[in-house]
Colleague: 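There's a structure below that I have some questions on.
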Amino acid sequence: MPLSQQLRKARDLLSWSLAEASERTGLPSSIIARAEIGEGAPDITLVQLACLQGALEAAGVKIGYDGTVVLAREAPLQG
């Protein structure tokens with residue numbers, strides 16, 4: 001699964017809207033939406049990607065290099 005699709009799946013697993021993801025990452029929702037569109041690598045900077053991925057992982061989502069996206073059971077879902 002391309003990273004852009006993994007990011008979208010991760011946000012879906014957390015039931016985050018674009019607005020909530022924006023609030024939690026500090027990134028504009030347009031940047032997050034752009035990261036989730038298309039095939040392959042997201043069309044955002046590495047700093048923006050690190051911020052987005054860091055927030056998703058802090059909320060308990062594990063994004064694997066093999067294309068997997070899983071939600072850890074013990075992870076907190078609420079901020």
Colleague: Write down the atom of Glu36, the atom of Leu18, and the distance for their closest heavy-atom approach.
Modeller: OE1-CD2, 4.3 Å

Colleague: To the nearest 0.5 Å, what is the distance between SG on Cys51 and CG on Leu46?
Modeller: 13.0 Å

Colleague: Show the nearest heavy-atom pair for residues Gln6 and Thr68, with the distance to one decimal.
Modeller: NE2-O, 3.1 Å

Colleague: Would you tell me whether Glu20 and Ser17 have side-chain atoms, one donor and one acceptor, within less than 3.5 Å of each other?
Modeller: no

Colleague: Going from CD1 on Ile37 to CD1 on Ile44, what distance comes out if it is rounded to the nearest 0.5 angstrom?
Modeller: 11.5 Å

Colleague: Apply side-chain contact (heavy atoms from CB on, under 4.5 Å) to Ile63 and Leu3, showing your working.
Modeller: CA-CA 9 Å; Ile63 298 173; Leu3 181 56; 4.2 Å; yes

Colleague: Check each of Leu71, Thr25, Leu14 against Leu56 using the side-chain contact (heavy atoms from CB on, under 4.5 Å) test, and report the only one that passes.
Modeller: Leu14

Colleague: Does Gln48 use its side chain to pair, donor to acceptor, with the backbone of Thr45 at less than 3.5 Å?
Modeller: yes

Colleague: Which residue in the set Gln5, Arg11, Lys9 passes side-chain contact (heavy atoms from CB on, under 4.5 Å) when paired with Val69?
Modeller: Lys9

Colleague: Quick check for you: to the nearest 0.5 Å, what is the distance between Leu49 atom CG and Leu27 atom CG?
Modeller: 10.0 Å

Colleague: Please lay out, stage by stage, how Val70 and Val61 fare under the test side-chain contact (heavy atoms from CB on, under 4.5 Å).
Modeller: CA-CA 6 Å; Val70 295; Val61 173; over 6 Å; no

Colleague: Is Lys62 salt-bridged to Glu57, going by a charged N under 4.0 Å from an acidic O?
Modeller: no

Colleague: Quick check: closest heavy atoms across Ala59 and Trp16, and the distance to 0.1 Å?
Modeller: CB-CZ2, 3.6 Å

Colleague: Testing the basics here: between Ala35 and Ser4, what is the closest heavy-atom pair and its distance to 0.1 Å?
Modeller: O-CB, 3.1 Å

